[in-house]
Structures are given as C-alpha cells and as structure tokens.
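Read through the structure below, which is laid out as structure tokens, and then see the notes.
Heavy atoms only: backbone and side chains are in, while hydrogens, waters and symmetry mates are out. Each residue takes its place number in the sequence, starting with 1.
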Amino acid sequence: MCAMARSGGATRVLTLLASAIRVVASVIAAVIVVHAVFVLFGANPANALVQFSTSWRDTFGWFTKNLFRPSNPKLAEAINDGLAALIYVLAGNLLSRLVLRITPAGAKA
C-alpha cells in the first residue's frame with residue numbers, strides 16, 4: 001500500500017510538472033506571437049506593452065532573430081517570431097510528453 005501511495009504521488013507530481021511545462025511554453029509562445037503582431041501592424045515601439053513583448057522576444061526568441069531576411073523587415077521579424085513561437089509550442093509539448101512517459105506505469109489513472 002505504501003509503494004502504491006508513493007507511485008500515486010509521483011504520478012501526480014509528474015503530471016503537474018508536465019502541465020506546468022506545457023503552460024509555460026505556451027505563454028512564452030503567446031507573448032512572442034503578440035510581439036509579431038505588434039511588429040507586423042507597426043505598433044508604437046515606445047509603448048510599455050510593446051516593450052514588454054519585445055523584451056520577452058529578445059529573451060526567449062533570440063535563436064530565430066534574423067534567421068530569415070525577406071526584403072520587408074516587418075515581415076521578416078514576424079516570420080522569425082512565428083517560428084520561435086512554433087518551436088516553443090512543439091518543444092513544450094514534446095518535453096511534457098516525455099515527462100508523462102516516465103510516470104509510474106501501475107499508478108496511471
């Protein structure tokens with residue numbers, strides 16, 4: 001009984017961890033997409049919300065900055081931001097599934 005209780009607790013912890021990973025990755029992706037929309041529609045760069053989304057994009061989406069360079073700079077930044085957001089969603093889902101795979105088999109509900 002004690003081993004079952006421990007594995008049930010481990011399952012709950014790992015399920016919660018998987019959910020947290022997915023939520024964090026999704027929130028990061030959403031803020032990066034918001035930044036892409038701001039850039040695409042020419043939002044005021046001095047606005048606090050735009051600066052906030054820009055700082056998140058620079059912190060979390062640096063790996064796609066200037067990856068693609070079409071002639072339109074707004075389109076280039078929107079494409080690169082969209083790619084960073086997609087990578088975060090995919091990586092978050094993959095990591096979440098990997099965490100769920102290590103849950104104790106006998107305790108899954």
Side-chain angles (χ1 to χ4, degrees):
M1 180 71 176
C2 188
M4 265 181 99
R6 270 190 250 133
S7 66
T11 300
R12 278 180 281 199
V13 168
L14 290 172
T15 302
L16 182 62
L17 177 63
S19 295
I21 290 169
R22 189 173 287 163
V23 166
V24 168
S26 297
V27 167
I28 291 170
V31 173
I32 291 173
V33 167
V34 166
H35 177 263
V37 170
F38 285 158
V39 168
L40 201 55
F41 291 107
N44 177 9
N47 181 282
L49 190 56
V50 176
Q51 289 177 348
F52 173 77
S53 69
T54 301
S55 70
W56 273 51
R57 195 273 188 247
D58 290 343
T59 301
F60 297 108
W62 57 267
F63 54 91
T64 61
K65 198 164 194 162
N66 296 322
L67 182 62
F68 295 106
R69 305 184 98 194
S71 59
N72 183 342
K74 287 182 180 183
L75 182 62
E77 193 163 355
I79 289 170
N80 292 327
D81 287 356
L83 181 60
L86 179 65
I87 289 170
Y88 267 99
V89 168
L90 292 176
N93 283 326
L94 178 65
L95 190 57
S96 174
R97 287 179 191 215
L98 289 174
V99 168
L100 288 176
R101 279 192 168 225
I102 65 170
T103 58
K108 289 184 181 175

Residues in salt bridge (charged side-chain N to carboxylate O under 4.0 Å, His left out) with Lys74, at least two apart?
none
Separation of Leu90 CG from Leu95 CG (nearest 0.5 Å):
12.5 Å
Return yes when atom CZ of Phe63 has more than 12 non-hydrogen atoms of other residues, nucleotides or ligands closer than 6.0 Å, and no otherwise.
yes
Under the side-chain contact (heavy atoms from CB on, under 4.5 Å) test, which residues partner Leu40, sequence neighbours left out?
Ala78
So if you build clusters from Ile, Leu, Val, Met, Phe, Trp, Tyr with side-chain heavy-atom gaps below 4.5 Å, do Ile32 and Phe52 land together?
yes
Quick test of your reading: applying salt bridge (charged side-chain N to carboxylate O under 4.0 Å, His left out), list the pairs with at least one residue in residues 16-42, sequence neighbours left out, ordered by first then second residue.
none
Which distance, rounded to the nearest 0.5 Å, do you find between the CG of Leu17 and the CG of Leu100?
9.0 Å
Of all residues at least two apart in sequence or in a different chain, which pass the side-chain contact (heavy atoms from CB on, under 4.5 Å) check with Ala25?
none
Of all heavy-atom pairs between Val50 and Pro45, which one has the smallest distance, and what is that distance?
CG1-CA, 4.0 Å
side-chain contact (heavy atoms from CB on, under 4.5 Å) against Ser55, all qualifying residues, sequence neighbours excluded:
none
Flag side-chain contact, heavy atom, 4.5 Å: Val27 against Trp56
yes
Gap between atom CG of Leu14 and atom CD1 of Ile21 - 0.5 Å precision:
9.5 Å
By side-chain contact (heavy atoms from CB on, under 4.5 Å), which residues pair with Ile79, not counting sequence neighbours?
Phe68, Pro70, Leu75
Could you note down all residue pairs passing side chain to side chain donor-acceptor pair (under 3.5 Å) where residues 37-52 supplies at least one of them, sequence neighbours left out?
none
Sequence neighbours excluded, which residues qualify as side-chain hydrogen bond (donor to acceptor under 3.5 Å, both in side chains) partners of Asp58?
Lys65
Tell me whether Val31 is reachable from Ile28 by hopping between hydrophobic residues (I, L, V, M, F, W, Y) whose side-chain heavy atoms are closer than 4.5 Å.
yes
Using a 3.5 Å cut-off and no angle test, enumerate the donor-acceptor pairs between side-chain atoms of residues 81-88 and protein atoms at least two apart in sequence or in another chain.
unit_1, atom_1, unit_2, atom_2, d
Asp81, OD1, Arg57, NE, 2.3
Asp81, OD1, Arg57, NH2, 2.9
Asp81, OD2, His35, ND1, 2.6
Tyr88, OH, Phe60, O, 2.8

